[in-house]
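Single-structure report; data block below.
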Amino acid sequence: MSTHFFGDTAALLGRSLRHIVRSPDTIITTAIMPIAFLLLFVYVFGGAIQTGSDSYVNYLLPGILIMTVASGISYTAYRLFLDIQGGIFERFQSMPIARSAVLWAHVVTSLVANLISLVVVVGVALVMGFRTGASVLGWLAVAGMMVLFILALTWLAVIPGLTAKSLDGASAFGYPLIFLPFVSSAFVPTDSMPGPVRAFAEHQPVTAIVNGIRALFAQQPVGTDIWTALAWCAGILVVGYTLAVLAYRRRIS
């Protein structure tokens with residue numbers, strides 16, 4: 001990648017971030033639903049759910065972080081689709097800029113916006129009583145896993161942003177991802193689930209990521225969960241990036 005690429009990406013990133021600053025409802029909307037679920041499960045359902053943990057908010061937060069990212073990812077497809085429909089996408093292609101900078105600007109914008117949303121959700125959780133003895137290294141490990149997870153889902157979101165036929169179609173990408181944590185260990189232990197549901201929950205990526213983050217926050221041995229989570233994120237990232245690049249090449253050809 002050349003200096004030309006980085007300069008073009010930075011310029012387009014600044015454009016996208018200015019749009020978010022002028023219309024902060026993106027981050028507000030992204031954070032509102034996870035915070036609502038956090039309040040609902042802690043203060044309404046928390047007393048009836050047995051997790052073996054002293055604090056249900058401590059048990060719940062990793063799953064809420066996953067849900068925060070899932071709810072924010074659809075905005076990547078949304079913003080990219082609007083650029084295509086508005087003609088600015090084609091205009092960028094006719095300018096003397098690095099072609100890949102257009103996609104990378106959207107990806108980095110997604111990363112920045114989702115990280116801000118995660119900080120907001122963690123702040124609310126702290127007010128609600130979330131506590132952790134995790135070291136700085138533990139927090140960095142959690143942050144690194146979330147960055148990898150955001151990038152993996154963002155590249156997947158680029159695909160409907162490039163190929164969707166309608167704005168609703170592009171935005172709907174994130175809906176299944178939002179509900180995936182409900183069939184995982186995010187809210188309740190998988191031991192309480194019936195056989196087929198439990199088998200699915202224990203072998204899907206959200207459970208491994210949630211268990212890994214939960215162990216890091218609790219200063220417990222992470223076991224194989226951390227490696228399983230990293231393998232899932234890396235695999236999704238490779239597949240998403242490859243398919244997104246192919247869709248992008250077809251779009252500009």
Side-chain angles (χ1 to χ4, degrees), residues 17 20-21 23-46 49 51 53-79 107-136 138-154 156-157 171 173-188 205-219 225 229 233:
L17 292 179
I20 292 177
V21 171
S23 182
D25 58 297
T26 298
I27 293 177
I28 294 173
T29 304
T30 299
I32 283 291
M33 188 181 69
I35 290 173
F37 275 113
L38 185 64
L39 295 169
L40 177 67
F41 275 88
V42 170
Y43 293 128
V44 178
F45 300 135
I49 299 176
T51 63
S53 174
D54 294 334
S55 172
Y56 185 58
V57 67
N58 285 7
Y59 182 90
L60 183 65
L61 181 60
I64 296 297
L65 296 181
I66 298 298
M67 185 174 289
T68 303
V69 174
S71 64
I73 286 303
S74 60
Y75 280 97
T76 300
Y78 173 83
R79 287 188 292 262
V107 170
V108 178
T109 298
S110 172
L111 179 62
V112 172
N114 277 287
L115 287 176
I116 293 173
S117 297
L118 289 174
V119 170
V120 172
V121 170
V122 170
V124 173
L126 288 170
V127 173
M128 294 174 62
F130 169 73
R131 296 295 181 268
T132 175
S135 63
V136 173
W139 274 102
L140 289 175
V142 172
M145 189 178 298
M146 295 309 303
V147 167
L148 187 60
F149 184 62
I150 293 169
L151 289 175
L153 292 192
T154 297
L156 282 181
S171 302
F173 165 78
Y175 296 157
L177 299 177
I178 294 172
F179 292 100
L180 199 57
F182 287 98
V183 193
S184 72
S185 63
F187 298 100
V188 297
V206 170
T207 292
I209 298 170
V210 164
N211 289 345
I213 295 174
R214 191 175 286 144
L216 289 169
F217 278 150
Q219 295 181 293
D225 284 325
C233 289

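Sequence positions, counted from 1, serve as the residue numbers for this chain. If you're wondering where the values come from, they're calculated on a predicted model, not measured in any experiment.
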Single hit among Asn114, Leu151, Leu118, Leu111 for side-chain contact (heavy atoms from CB on, under 4.5 Å) with Met146: Leu118

With side chains defined as the heavy atoms from C-beta onward, is the minimum distance between [X] and [Y] less than 4.5 Å?
X: Ile35; Y: Leu39; value: yes
X: Trp139; Y: Val122; value: yes
X: Leu156; Y: Ile73; value: no

Could you tell me which non-hydrogen atom of [X] sits nearest to which non-hydrogen atom of [Y], and how far apart they are?
X: Val107; Y: Thr154; value: CA-CG2, 3.7 Å
X: Ser55; Y: Gly129; value: OG-O, 4.5 Å
X: Met33; Y: Ile178; value: CE-CG2, 3.4 Å
X: Met145; Y: Ala229; value: SD-CB, 4.2 Å
X: Val188; Y: Tyr59; value: C-OH, 3.2 Å
X: Ala186; Y: Val210; value: CA-CG1, 4.1 Å

To the nearest 0.5 Å, atom CG of Leu61 lies from atom OH of Tyr56 at 11.5 Å

With sequence neighbours left out, the residues meeting side chain to side chain contact (heavy atoms under 4.5 Å, CB included) with Leu140 are Val136

By side chain to side chain contact (heavy atoms under 4.5 Å, CB included) - contacts of Leu148 (at least two apart): Leu230, Cys233, Leu237

Could you check whether any side-chain N or O of Arg214 sits under 3.5 Å from a backbone N or O of Ser185, counting only pairs where one atom can act as donor and the other as acceptor? yes

Say whether, by atom type as modelled, one donor and one acceptor occur between the side chain of Asn58 and the main chain of Thr132 under 3.5 angstrom. no

Looking at Tyr78, I want to see if its OH is surrounded by more than 12 non-hydrogen atoms of other residues, nucleotides or ligands under 6.0 Å. no

Output, in order, the C-alpha distance, side-chain angles, deciding distance and verdict of side chain to side chain contact (heavy atoms under 4.5 Å, CB included) for Leu115 and Val119. CA-CA 6 Å; Leu115 287 176; Val119 170; 5.6 Å; no

Pairing residues for Phe187 by the ring pair (Phe, Tyr, Trp, His ring centres under 6.0 Å) criterion, not counting sequence neighbours: Phe41, Phe182

Under 3.5 Å donor-acceptor pairs involving side-chain atoms of residues 64-72, not counting sequence neighbours:
residue	atom	partner	partner atom	Å
Thr68	OG1	Ile64	O	2.8
Ser71	OG	Thr30	O	3.1
Ser71	OG	Met67	O	3.2
Ser71	OG	Thr68	O	2.9

